[in-house]
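One structure is given below, encoded as structure tokens.
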Amino acid sequence: MGQRLLVVDDEESIVTLLQFNLEKSGYEIITAMDGKTAFELAKEQSFDLIILDLMLPEMDGLEVCKQLRQSKNSTPILMLTAKDDEFDKILGLELGADDYMTKPFSPREVVARIRAILRRVNKSAEVAADNIEKSDSIIKFGEVEVYPENYEVYCKGSKLELTPKEFELLLYLASHKGRVLSRDQLLNAVWNYEFVGDTRIVDVHISHLREKIEPNTKKPIYIKTIRGLGYKLEEPQLNV
């Protein structure tokens with residue numbers, strides 16, 4: 001049986017279009033037409049990915065996304081928006097969505113995007129681990145430990161809840177510790193298709209990571225901003 005996707009949209013024509021094309025591509029599809037139903041389904045069942053419309057009755061897509069992330073559900077979310085509005089897109093990413101698409105879209109584009117997301121989720125840790133010494137299966141910096149093979153991150157011994165995209169970004173930074181990486185480099189490495197050069201997506205995810213690993217987000221000790229260049233993950237100078 002193929003991977004299970006939850007498709008959520010209040011327009012029946014879009015649900016039908018997506019269901020037909022995704023099932024034809026080998027996915028098992030469950031559908032919902034309002035946010036409340038979608039949230040309950042996502043809590044009760046396991047999905048490989050959720051396609052989530054922004055404007056929904058009962059509970060909008062942003063609220064569904066927010067509540068899922070707050071409940072520690074890290075299922076990848078592809079958000080759909082009919083608005084060509086950067087605020088909505090960036091806000092969606094801030095709340096934990098992994099990617100977004102603007103309507104109208106072609107079914108082929110949706111399938112390609114889903115495959116890219118699932119490929120990253122399933123393979124990114126393995127690919128990134130190939131860049132690391134086989135003898136060093138754990139990447140440590142300061143009080144943070146990254147386990148590439150298990151897709152887990154711990155800080156001060158406590159497991160962190162990261163979205164797949166946040167994990168990939170942190171793993172890539174950690175795998176290149178001490179090197180300055182431009183926003184475009186990070187876009188190409190973590191979002192492995194053209195993202196129209198929208199480097200704010202990188203900034204949003206960096207901000208999210210800092211909230212989870214930095215003792216003080218205003219004075220980061222791990223992920224440093226290199227003005228005019230990009231970001232660098234470094235070993236902190238911890239006061240003894």
Side-chain angles (χ1 to χ4, degrees), residues 3 5-6 42 47-52 54 61-62 64-81 86 88-102 109-110 112-129 131 139 144 146-155 159-176 181-214 217 220 222-223 225 230-231 233:
Q3 291 169 300
L5 310 185
L6 175 60
F47 296 97
D48 294 287
L49 182 140
I50 299 170
I51 302 174
L52 183 64
L54 179 66
L62 292 177
V64 173
C65 183
K66 179 182 177 182
Q67 290 201 25
L68 284 175
R69 294 308 186 225
Q70 287 179 343
S71 64
K72 310 303 182 187
N73 185 316
S74 60
T75 303
I77 294 174
L78 171 61
M79 189 160 279
L80 305 179
T81 172
E86 291 301 327
D88 281 338
K89 296 170 185 175
I90 296 300
L91 181 59
L93 293 168
E94 286 177 339
L95 292 176
D98 294 272
D99 205 346
Y100 64 78
M101 291 187 66
T102 303
E109 183 185 6
V110 176
R113 190 69 65 89
I114 288 169
R115 284 177 175 160
I117 295 170
L118 291 174
R119 191 183 309 122
R120 290 197 303 266
V121 171
N122 294 331
K123 300 294 182 182
S124 64
E126 176 185 333
V127 170
N131 297 324
I139 308 173
V144 179
V146 182
Y147 294 76
E149 293 180 6
N150 298 336
Y151 231 73
E152 293 177 346
V153 179
Y154 291 81
C155 185
K159 185 179 177 181
L160 302 182
E161 295 295 334
L162 302 185
T163 67
K165 188 62 73 270
E166 289 165 1
F167 179 86
E168 283 186 61
L169 180 58
L170 181 61
L171 181 57
Y172 191 80
L173 285 164
S175 301
H176 298 80
L181 301 169
S182 72
R183 290 171 173 83
D184 284 328
Q185 279 180 285
L186 293 170
L187 262 182
N188 291 333
V190 179
W191 289 263
N192 59 0
Y193 55 87
E194 288 305 315
F195 217 98
V196 201
D198 194 348
T199 54
R200 286 172 300 169
I201 292 163
V202 175
D203 297 335
V204 166
H205 283 77
I206 290 288
S207 176
H208 250 191
L209 282 176
R210 281 174 170 162
E211 288 174 5
K212 295 179 179 181
I213 69 170
E214 297 285 0
T217 57
Y222 297 120
I223 304 175
T225 300
Y231 296 101
L233 187 143

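If you're wondering where the values come from, they're calculated on a predicted model, not measured in any experiment.
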Candidate pair Leu171 and Tyr151, rule side chain to side chain contact (heavy atoms under 4.5 Å, CB included), full reasoning: CA-CA 9 Å; Leu171 181 57; Tyr151 231 73; over 6 Å; no
Test log, rule side chain to side chain contact (heavy atoms under 4.5 Å, CB included), inputs Leu170 and Leu233: CA-CA 9 Å; Leu170 181 61; Leu233 187 143; 3.9 Å; yes
Working for side chain to side chain contact (heavy atoms under 4.5 Å, CB included), residues Ile206 and Ile223: CA-CA 8 Å; Ile206 290 288; Ile223 304 175; 4.0 Å; yes
Intermediate values then yes/no, side chain to side chain contact (heavy atoms under 4.5 Å, CB included), Leu78 and Ile117: CA-CA 9 Å; Leu78 171 61; Ile117 295 170; 4.2 Å; yes
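A heavy-atom distance below 4.5 Å is not found between the side chains of Val202 and Asp184. For the pair Lys159 and Val153, the minimum side-chain heavy-atom distance is 4.5 Å or more. With contacts defined as side-chain heavy-atom distances shorter than 4.5 Å, the pair Ile50/Pro76 does not qualify. Between Tyr231 and Asp203 there is a side-chain heavy-atom pair separated by less than 4.5 Å. You'll find the side chain of Leu68 stays beyond 4.5 Å of the side chain of Thr75, heavy atoms only.
The CD atom of Glu166 sits 10.0 Å away from the OG atom of Ser207 when rounded to the nearest 0.5 Å. In this structure, CG in Asp98 is found 12.0 Å from CZ in Arg113, a value given to the nearest 0.5 Å. Residue Leu186 holds its CG atom at 7.0 Å from OH of Tyr172, rounded to the nearest 0.5 Å. One distance of note links CD1 of Ile139 with OG of Ser175; it measures 4.0 Å at 0.5 Å rounding. Interatomic distance, CD of Gln67 versus CG of Leu62, reported as 11.5 Å (0.5 Å rounding). Taking CE of Met79 as the start and CE of Met101 as the end, the distance is 14.0 Å to the nearest 0.5 Å.
Checked by atom type and distance alone, the side chain of Glu214 pairs as donor or acceptor with a backbone atom of Tyr222 at under 3.5 Å. With hydrogens and angles ignored, the 3.5 Å screen pairs a side-chain donor or acceptor of Gln185 with a backbone N or O of Ser182. Side-chain atoms of His208 do not come within 3.5 Å of backbone N or O of Val204 as any donor-acceptor pair. Asn73 places a side-chain N or O within donor-acceptor distance of the main-chain N or O of Ala42, the cut-off being under 3.5 Å.
The shortest heavy-atom contact between Ser74 and Pro164 is O-CD, 3.3 Å. In terms of heavy atoms, Tyr147 sits closest to Phe167 at O-CZ, 4.0 Å. The minimum heavy-atom distance linking Val144 with Cys155 is given by the pair CG2-SG, 4.0 Å.
Side-chain atoms of Arg210 and Thr225 form a donor-acceptor pair, as typed in the model, at a separation below 3.5 Å.
When the shell of 6.0 Å around NZ of Lys212 is examined, it contains more than 12 heavy atoms from other residues, nucleotides or ligands.
Only one option out of Leu6, Ile77, Ile114 pairs with Ile51 in a side chain to side chain contact (heavy atoms under 4.5 Å, CB included); it is Ile114.
Taking 4.0 Å as the cut-off between side-chain N and carboxylate O, Arg115 and Asp99 do not count as a salt-bridged pair.
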